[in-house]
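Below: one structure, written as structure tokens.
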Amino acid sequence: MEQKDFAVTDLTLDKQNPRHDVPTSTTREAISALLATDPDKWVNLAQDIASKGLNPTELTIVVQEEGDMVVIEGNRRISALKALLDSTLVDDPEIRKQIAIIARRNRNTIPHTVRCIVSPNRDAARHWIALRHTGENGGVGVVRWNHEQVTRYAKKKNPSERALRFIHQVYLWYAHDRELLADVEKVRSTRLTTLARVLSDSKVRNALGIEFTEKGILADYEPEAMHSSVRKLFSDLASHLSVSHVKNKDQRREYIAGIKDHLPQNSDRLAQPRLVPGTDATQPTAIQRSVTPPSQTATPEKRLPAVGRPNQDKRVFQNVVLRNVSPRTAKVLNEAKKVIITESPNVAAIMIRAVIDITVTELAEKKGWRRKQDRLRDRIRLALLHIDPDSSDRDLDEARRMSQNDGALSVKNLHAFMHQWDVEPMILDITKLSAVYTPMLMKLDASLGENHK
């Protein structure tokens, strides 16, 4: 079949168009019949053609009948084009007005000619028209993209794209866990949006130990430490965990609380989150492609440069995670953890004091101590007594000693960091304070968690 250009005005709409309930005799009747089906979609098509032109991947098919070039494939687009060139062909006054406005605004871009495929007769084109309109036909026709493929093509930073990035990384981290990968494949094909909803919650991401950035995924743990939680999440998604179970924030957090035994341990948390460089998560990752021979599969240690745990904190309370405190206290801690001690020692010193103060004050008020213990030093002492009545916990020895004496790292100096203009904190002192009070904060949080039960 040859291709040929025709003027829009030289084309005739098909009187036998399968979209019509009954045959039509004029162009006006054909347009009215198409509008009767879904007028909004027809107007949208006209707008798109007026501004962008005709879709070059879909050529109109015509056949010569009784001296006319009759359109047997592409009647909607040709009818829209005819209306754009002559809005009086539209009977409905409201739609006619819309089309006239569209035509006026796009008069320089509306096509006046159409590239068509000329079929010798209707039967010669029947096979191709059927493939265009009757579904996949076992793969011979148009196979529609699923949600994942649409997201992959669009490459948008939406929740589904985030879920695909996570799935891609799971394949790389756990390439030899075939049971996990089978669950991942099922989730990717049937519950991608449910995974996206789960990962949209910052509390869930924090519990799992991941965060998404433009440059990649920030991991708070080594892959092995996260293995159990990832396995549990995908196992549940592949079996019973549907969108109705994680639809709102409370449901998602209830789910995370229910799998706490599978979550990474804080003792395994990296000194600094490790950036897992972004790869093209839009590329397909099938199980057979992920599980490659050992010689071809890089372990996470080889693929991703590991960040060792330093002897000293580089950030304020970098190893502290508070899960049971109030949202405000948690926010203060998270903001403090962004402070790099060597770069901002004054801010770091003030934030150490602020985190300690707000945490022990919250515990004191919940315990009814606040009115009797106005001094921070006394509130720290009572907090330590509460979590370690016998003073037998060696991890708290330094916090006990520093908080109750008048040495260089005493509570008095914590106040001075904030209130005295002539006191300049030393980096070594700040690092020491962060390390010394870390166990106390973690144990206070655990105590608050026990009280909630």
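Counting from 1, the numbers follow the sequence of the chain as shown. Values below: all heavy atoms of this structure, side chains included; hydrogens, waters and symmetry mates excluded.
Rounding to the nearest 0.5 Å places CG of Asp48 at 8.5 Å from CG of Asn44. Rounding to the nearest 0.5 Å places CD1 of Ile352 at 11.0 Å from CE of Met418. Atom CD of Glu73 and atom CG of Asn17 lie 9.0 Å apart (nearest 0.5 Å). Distance check, rounded to the nearest 0.5 Å: CD1 of Ile430 to OG1 of Thr342 gives 9.5 Å. Between Asp40 atom CG and Leu35 atom CG the span is 10.0 Å, to the nearest 0.5 Å. Rounding to the nearest 0.5 Å gives a distance of 11.5 Å between CG of Leu180 and CD of Glu185.
Scanning all heavy atoms of the two residues, the minimum distance from Arg253 to Ser202 falls at NH2-OG, 4.3 Å. For the pair Gln169 and Ile217, the tightest heavy-atom approach, listed with the atom from each and the gap, is CB-CD1, 4.0 Å. For the residue pair Ile427 and Pro345, the shortest heavy atom distance occurs at CG1-CB, 4.2 Å. Heavy atoms only, all atoms of each residue included: Ser242 and Ser244 are closest at OG-OG, 2.9 Å. Nearest heavy-atom pair, Ser79 versus Leu34, reported as atom, atom and distance to 0.1 Å: OG-CD1, 3.3 Å. Minimum interatomic distance between Arg315 and Gln272 (heavy atoms only, all atoms of both residues): NE-NE2, 3.4 Å.
Summarising the local packing, CD of Gln265 is surrounded by 12 or fewer heavy atoms from other residues, nucleotides or ligands at distances under 6.0 Å. Around the CG atom of Asp5, the shell of radius 6.0 Å holds more than 12 heavy atoms that belong to other residues, nucleotides or ligands. Glu58 CD: more than 12 foreign heavy atoms inside a 6.0 Å radius.
A 4.5 Å side-chain heavy-atom check between Lys203 and Lys249 finds every atom pair outside the cut-off. The shortest distance between side-chain heavy atoms of Asp220 and Leu270 does not fall below 4.5 Å. Residues Arg19 and Asn75 are not in side-chain contact: their nearest non-hydrogen atoms beyond the backbone lie 4.5 Å or more apart. Put simply, the side chain of Phe166 does not reach to within 4.5 Å of the side chain of Val184, judged on heavy atoms. In this structure the side chain of Ile259 reaches within 4.5 angstrom of the side chain of Asp236, judged on heavy atoms. Using a 4.5 Å cut-off on side-chain heavy atoms (C-beta onward), Pro264 and Arg269 make no contact. In this structure, Ser119 and Trp128 have side chains that are not in contact, with every pair of non-hydrogen atoms separated by 4.5 Å or more. Contact check for Val114 versus Arg77: no side-chain heavy atoms found under the 4.5 Å cut-off.
No hydrogens or angles considered: nothing links the side chains of His20 and Glu29 as a donor-acceptor pair under 3.5 Å.
No donor-acceptor pair under 3.5 Å is formed between the side chain of Arg115 and the backbone N or O of Leu59. For Asp268 (side chain) and Glu222 (main-chain N/O), no donor-acceptor pair under 3.5 Å exists by modelled atom type. Between the side chain of Thr438 and the main chain of Phe317, no donor-acceptor pair closer than 3.5 Å is present. A distance-only check finds no donor-acceptor pair linking the side chain of Arg274 to the backbone of Leu218 [under 3.5 Å]. Proximity of a side-chain donor or acceptor of Ser235 to a complementary backbone N or O of Lys232 within less than 3.5 Å is not detected. Looking at Glu2, its side chain never comes within 3.5 Å of a backbone N or O of Val118 through a donor-acceptor pair.
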So Met440 and Ile356, side chain to side chain contact (heavy atoms under 4.5 Å, CB included) or not? Walk me through it. CA-CA 9 Å; Met440 182 190 80; Ile356 294 172; 4.1 Å; yes
Evaluate Ile167 against Leu192 for side chain to side chain contact (heavy atoms under 4.5 Å, CB included), listing each step before the verdict. CA-CA 9 Å; Ile167 282 175; Leu192 184 66; 3.9 Å; yes
Derivation and outcome, side chain to side chain contact (heavy atoms under 4.5 Å, CB included), residues Phe234 and Leu195: CA-CA 9 Å; Phe234 279 98; Leu195 173 61; 3.9 Å; yes
Check step by step if side chain to side chain contact (heavy atoms under 4.5 Å, CB included) holds for Arg205 and Arg162. CA-CA 12 Å; Arg205 298 196 301 273; Arg162 191 180 267 184; 3.3 Å; yes
Donor-acceptor pairs under 3.5 angstrom involving side-chain atoms of residues 62-72: please list them, not counting sequence neighbours.
residue : atom : partner : partner atom : Å
Glu65   : OE1  : Arg122  : NH2          : 3.3
Glu65   : OE2  : Arg122  : NE           : 2.8

Show which side-chain atoms of residues 325-340 pair as donor or acceptor with protein atoms under 3.5 Å away, not counting sequence neighbours.
residue : atom : partner : partner atom : Å
Ser326  : OG   : Thr329  : N            : 3.3
Ser326  : OG   : Thr329  : OG1          : 3.0
Ser326  : OG   : Glu362  : OE1          : 3.1
Thr329  : OG1  : Glu362  : OE1          : 2.6
Asn334  : ND2  : Ala330  : O            : 3.3
Lys337  : NZ   : Val320  : O            : 2.7

Pairs under 3.5 angstrom only: tabulate donor-acceptor contacts from the side chains of residues 80-95 to other protein residues two or more places apart or in another chain.
residue : atom : partner : partner atom : Å
Lys82   : NZ   : Val8    : O            : 3.0
Lys82   : NZ   : Leu11   : O            : 2.7
Asp86   : OD1  : Thr88   : N            : 3.2
Asp86   : OD1  : Thr88   : OG1          : 2.5
Asp86   : OD2  : Thr88   : OG1          : 3.4
Asp91   : OD1  : Arg28   : NH1          : 3.2
Asp91   : OD2  : Ser32   : OG           : 3.3
Asp92   : OD1  : Glu94   : N            : 3.0
Asp92   : OD1  : Ile95   : N            : 3.0

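Under a 4.0 Å N-O distance rule, the pair Asp183/Lys186 does not qualify as a salt bridge.
Evaluation of the ring pair (Phe, Tyr, Trp, His ring centres under 6.0 Å) test over residues 186-232, restricted to residues two or more places apart or in two chains, returns Tyr174-His227.
Partners of Gln47 under the side chain to side chain contact (heavy atoms under 4.5 Å, CB included) rule, at least two apart in sequence or in another chain, are Ser51, Ile102, Asn106. Applying the side chain to side chain contact (heavy atoms under 4.5 Å, CB included) rule to Thr134 yields the partners Ala130, Asn137; only residues at least two apart in sequence or on another chain are considered.
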